[in-house]
Structure formats: C-alpha cells, structure tokens
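Step one of this worksheet: look at the structure below.
In each ligand, atom 1 is the first atom listed, and ligand 1 is the first ligand listed.
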Amino acid sequence: MQNAKDLLKRLGIDRHPRLLPCGGADSITSECPATGEPIATVRLDTAAELEAAIVRCVAVQKAWRMLPAPQRGEIVRQIGEEFRKHKNDLGELVTLEAGKIRAEGLGEIQECIDIADFSVGLSRQLYGNSMHSERPSHRMFEQWHPLGTIGCITAFNFPAAVWAWNSMLAATCGNSTLWKPSLITPLVAIACNEVAQRVMQTQTIFRPAYGDPRDVFGLVIGRDSEVGERMVADRRLPLISATGSCRMGRKVGQVVAGRLGRALLELGGNNAIIVMPDADMKLVERAVVFGAVGTAGQRCTSTRRLIVHESIVEKLTEKLTHLYASIKIGDPMDESTLMGPLIHAETKNAMKGAIEQAVAQGCHVKCGGLPGLSKYDNRPGYFCEPTIISVPKGVVPAICRDETFAPILYIFSVKDFEEAMEIHNGVDQGLSSAIFTDSVRTAERFLSHQGSDCGIANVNLGTSGAEIGGAFGGEKDTGGGRESGSDSWKQYMRRQTCTVNWGTDLPLAQGIRFGD
Ligand code: NAD
C-alpha cells in the first residue's frame, strides 16, 4: 500500500485530520476492492459535528448568495482548473477506492471538470422568463433565487462526479452544499472536497465578513443512523439531493416529503438495449460490452437487459459470449484491464444469489455464472467473470425486474418491436434506454411518447456513459430527479414571479371590479 500512501500525499491529504493512524474514535476503514487491503482509517462525524457543519454552511451561504453569479462562476472556474491539475491523482484514487479501471477513474474526474466549465457559462445564464401582463402599465417576469444549503448524499459508484454535478451547479446558483458521501468511498470525498476548499481558501473574490469561505463546500462523513438520517430530516436543508438505491430513495423521499422539503432523487436503473434486425452489429457489440461489463456492471446506467429480435438473437448471443471470453479482468490500475473488481464481498453474494434465482426461474447461463464467481474466491479482491444469461421465450423472470448491481446481462428474444417495448417498459425503474436500428421509423417510435419510458433514450449508442450537457435522471422508481446539464440548475433555485405596476391605477386581474 506504499503507492496508496504516496497518492494520498500527492493529493495533500495524507495528514488530513480526518485520517486516523489507527482505529479509536468511531471510524471506518477504506478498503481497496481490488486487493481487499485497507487504505486508510477515517474518523466519522457525530450528530454534534453534523449540527456544527449545518450551522457553518447555512451561515456562509447568506454571504455567498450576495456575490454576483458571474463572480461565483469565476470561483467555480478556478475549482475546475484545480481539478485539471490533479486529474490523474484523483482519477487513480477513484480507481484505488472504488475499483473502476483507470480510464474510467480519469473519466469521472473529467466529469467534475466538465460540470465546472458548464457552470461557469451558466453563471451568466440564470435566465427567467418575462410575460405580458393582462393589466395596463404592468410588467410581469420571473426570477430565480438561491435556495440555501443543499444536502447532497452520494453513492459509492460515482464517488466524485455526482457531488460535482450537484455542488458546482449549487454554488453557481448561490447555495452552499453539505456533502455526505458513501462510507465506502470516503477518501475520494476528502480529496475532492479539499480541491474545492483549497480554492475557496486562496481565492480573493469572496471574503465574507462572517463565516469561512470553505463552508460553501461542506463535508460530513458519518453513519446513516448518526448523520444521514438527521440530515434528511433537517429543515435547514431545503433540498436533499440523494443518489443511491431505490430502497434508500423510498426512505429519504418519504422523510423529505414529510417536512415538505424538496428531494432530488437519482436512484437505481434496470436499463435495456433493444436490437432490431437492421442494426449495425459492430456498434451493438461494442455498446453492449461497454454497457454491461464496464465498471463491472456497477453503473446506474449499466446495461442489464438485452432485448433482441428473434432472427438475430442466437448469433448475437454467441458473438457476445465470445467477446466476454476475451475481456481482461484484474488490476484496475493496469491500462490493459477492461473489468476491475466488484465493490465488496456482499456484491459478489448478491450476484451469486441473482444467478441462482435466474436458473431456478428457468434461465440459462451462457458464460460466467457461478464458476465465474468461484474461480476468484481464493484470490484477494472481489473479482468475478461477467455473466450472460439467456431468458426463455415468452417469460419475464422476476429476477430480471430487479437491479442486481453486478455484471449480469439478461438476453430476451422477441418477435417484433411491440413485444420488445412491452418487455423494455415492463420494469419499475426508468433510467436509461437504447435501441439499435437503421430504420428512422423504428427509432422515432422508440423515442415517441409510446416508446421508451426512461429519462434517457438513445439511438445507436448504449445505455451507459452520459454527457454532462444533458439533464441526467430517470422516471418511475428511479426517482424523477434531474441533475447536471440542460435546465437542471432550476432544481437548486426558487422561482419568484414578480409583477410591477408602473401606472397610476390599480387594475385587478381577471377584470374584477372591487368597490369601483
Ligand atoms: P445506497 O443506497 O446503499 O447508498 C447511497 C447513499 O445513501 C450512501 O451515501 C448511503 O450512506 C446513503 N443512505 C442510505 N440510506 C440512507 C438514509 N436512510 N438516510 C440518509 N442517507 C442514506 O447505494 P450504493 O450501494 O452506494 O450505490 C448503488 C446504487 O446507487 C445503485 O442502485 C445505483 O443504481 C444507484 N445510483 C444511481 C445513480 C443515478 O444517478 N440514478 C447514480 C449512481 C448510483
């Protein structure tokens, strides 16, 4: 683990007060999923420390909101620059702690840079509409104000990018963010937050009379029972942006609704690709392998179901089985590796359980399966082979409706587009979707209101790997939230409709006469 120590040193967090030389106070040990070895021990925050963090974030936001948005954007630009400087080291830390292959670790930090760049432009574009009033000499318009302090809860599998999507937009919109990361990836959180806080400390634009500029980007690392649940219930956090499983979203959503707060929920997916007979099969193969095997099937947008026309299903299954055999599994730092480990032993167990259920529900394992799991049992780390499972015609086994957060691909054979759509939309989740076809008509049907019911719908590209420019999120049990590009920034602001009477009379709307 010498390399890990050097990495933490290069990132300037090896002596961070949150890192403990050994256990002691309530703490957790961050583990490398590729080796099972401990990387560092992290002290956990208590409820009292959460309280103090909320007070600080709320206080500093009152000054931050007064800084003109383009100046806030300038500071976010500086944060993006700092991410650029540390991209390699941060990307490698993602690889070390979350097990993503290096290319994906770097890609994740690139997303932080991209959203910072996007936010800089946005800082001059927080536009509101103007309307023509029905009353003479009146002007109507809407404007957008900051919300306050945003509670941001993130999942292990995007330990940096999801926070950046939220906090860069939130800061540009005049908010502070209090981040509670997954306890599986605390080191990435500490390192990324340090990048933002370092800039907040050294920049010369925002020097509030009270409060610490670093608290625009607050961080709490604690157990759900001590910190997470309290955060969600706290009325001082007008918006809770929570990314994770549907199970978590159900709990968090209810608590936030109970206090009439706003929740932005980014939850699980069960993403499918439909393949029609006229598809370009070279594109299909590449998209399926990246979507189903990439990140070891641990993306919310991972391809979990492949719905293929019956005339080509056999050939495609055979080809994919062949391609799966050539995938290099192993050390995620090695440039030639395509699939790293699962995040922990429980995920391996969940994968095993899903394969057993699929077989019990009549499915056939084409590759991977239980032998592909057990072959790594006596080696360090949580590795497995990716699995392809063929589903019998005419049935949808219950296991295929769940999101198993592992590289299992279920292949369905269908007779036509209608049957494909029925299977496609027949799950509770609605995040990402794709169709491969050369027919404009079929593509448009897929994109139409009777087509995909997901938040993301692609033609001739896979389900996984969204760009920051579009709004990201899904429908149904995926939670309905939208983050990142397009007009997602509106979620971090409150809308105010304003009417100004510049005349000398007081006409009433709807022509109401009142004592006239
Ligand atoms: P998880 O639900 O176990 O945990 C996610 C986060 O929620 C963690 O920080 C956890 O500590 C916190 N949490 C859990 N219960 C809580 C509670 N009651 N109150 C407050 N906080 C609570 O998810 P995970 O295993 O870390 O991540 C994998 C899941 O996340 C998958 O389902 C995946 O699809 C989903 N995900 C979705 C998106 C998206 O944008 N839709 C992105 C990434 C991951």
Side-chain angles (χ1 to χ4, degrees), residues 28 33 44-45 47 50 94 97-100 104 108 111 151-166 178-186 188-189 219-234 237 240-256 258 261 263-271 295-304 342-344 346-347 350 402-406 427-433 454-456 463-466 468 470-485 488 491:
I28 40 136
L44 294 181
D45 285 318
L50 168 69
V94 170
E97 197 176 38
K100 292 185 180 193
E104 291 190 65
E108 172 143 10
E111 280 196 62
C152 176
I153 295 172
T154 56
F156 81 85
N157 68 324
F158 274 93
V162 170
W163 161 76
W165 290 357
N166 280 279
L178 183 57
W179 180 15
K180 193 215 79 63
S182 161
L183 289 189
I184 300 172
T185 49
V188 173
L219 175 69
V220 277
I221 302 181
R223 298 189 192 284
D224 293 337
S225 54
E226 181 81 8
V227 164
E229 289 170 16
R230 282 190 168 85
M231 235 178 111
V232 168
D234 201 305
L237 306 177
I240 296 290
S241 170
T243 299
S245 57
C246 297
R247 180 182 41 80
M248 176 279 284
R250 257 183 211 102
K251 278 199 208 158
V252 167
Q254 281 181 31
V255 175
V256 179
L264 193 172
L265 299 176
E266 295 280 355
L267 310 175
N270 190 351
N271 319 292
T295 331
Q298 298 170 112
R299 281 193 187 213
C300 51
T301 52
S302 287
T303 308
R304 311 209 176 276
L342 295 171
I343 193 66
H344 45 54
E346 275 166 44
T347 313
D402 285 345
E403 179 200 46
T404 304
F405 218 52
V427 293
D428 292 333
Q429 310 82 351
L431 181 52
S432 186
S433 61
C454 293
I456 297 168
T463 59
S464 176
I468 63 102
F472 182 91
E475 300 299 324
K476 304 194 289 186
D477 288 9
T478 301
R482 292 296 186 277
E483 281 174 355
S484 203
S488 303
Q491 313 233 23

Just going by heavy-atom distances, which of [options] is nearest to [atom]?
atom                    : options          : answer
atom 3 (O) of ligand 1  : R299, R247, R250 : R247
atom 19 (N) of ligand 1 : H344, E403, E229 : E229
atom 15 (N) of ligand 1 : Q254, Q429, M248 : M248

Between T303 and T463: side-chain donor-acceptor atoms closer than 3.5 Å: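 Checked: T303/T463 side chains pair up, N/O donor to acceptor below 3.5 Å.
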Contact atoms of ligand 1, heavy-atom distance to V232 under 4.0 Å: 20 (C)
Element-labelled atoms of ligand 1 that are located less than 4.0 Å from some non-hydrogen atom of K180: 9 (O), 10 (C), 11 (O)
Do [Y] and [X] meet the salt-bridge criterion of a basic N to acidic O distance under 4.0 Å?
X    : Y    : result
D477 : R250 : yes
R299 : E104 : yes
R247 : E403 : no

Under 3.5 Å, side chain of [X] to main-chain N/O of [Y], donor-acceptor pair present?
X    : Y    : answer
E483 : N166 : no
K180 : D224 : no
S245 : M248 : yes
Q429 : N270 : no

Which residue and non-hydrogen atom of the protein lie closest to [atom], and at what distance in Å?
atom                    : value
atom 28 (C) of ligand 1 : F405 CE2, 3.6 Å
atom 9 (O) of ligand 1  : T154 O, 2.7 Å
atom 12 (C) of ligand 1 : I153 CG2, 3.6 Å
atom 44 (C) of ligand 1 : N157 OD1, 3.0 Å
atom 5 (C) of ligand 1  : T243 O, 3.4 Å
atom 36 (N) of ligand 1 : C300 CB, 3.6 Å
atom 10 (C) of ligand 1 : D224 OD1, 3.7 Å
atom 24 (P) of ligand 1 : F156 CD2, 3.7 Å

Pair L267-C246, side-chain contact (heavy atoms from CB on, under 4.5 Å): steps then yes or no: CA-CA 5 Å; L267 310 175; C246 297; 4.1 Å; yes
CA sep, side-chain torsions, deciding dist, call: I28, L44, side-chain contact (heavy atoms from CB on, under 4.5 Å): CA-CA 7 Å; I28 40 136; L44 294 181; 3.5 Å; yes
Atom 7 (O) of ligand 1 protein-contacted, heavy-atom criterion under 4.0 angstrom: yes
Sub-4.0 Å heavy-atom contact, G249 with ligand 1: no
G474 heavy atom under 4.0 Å from ligand 1: no
Plane angle bin for F156 and F405 - parallel if under 30°, tilted between 30 and 60°, otherwise perpendicular: perpendicular
Under 3.5 Å: N/O of L267 near N/O of ligand 1: yes
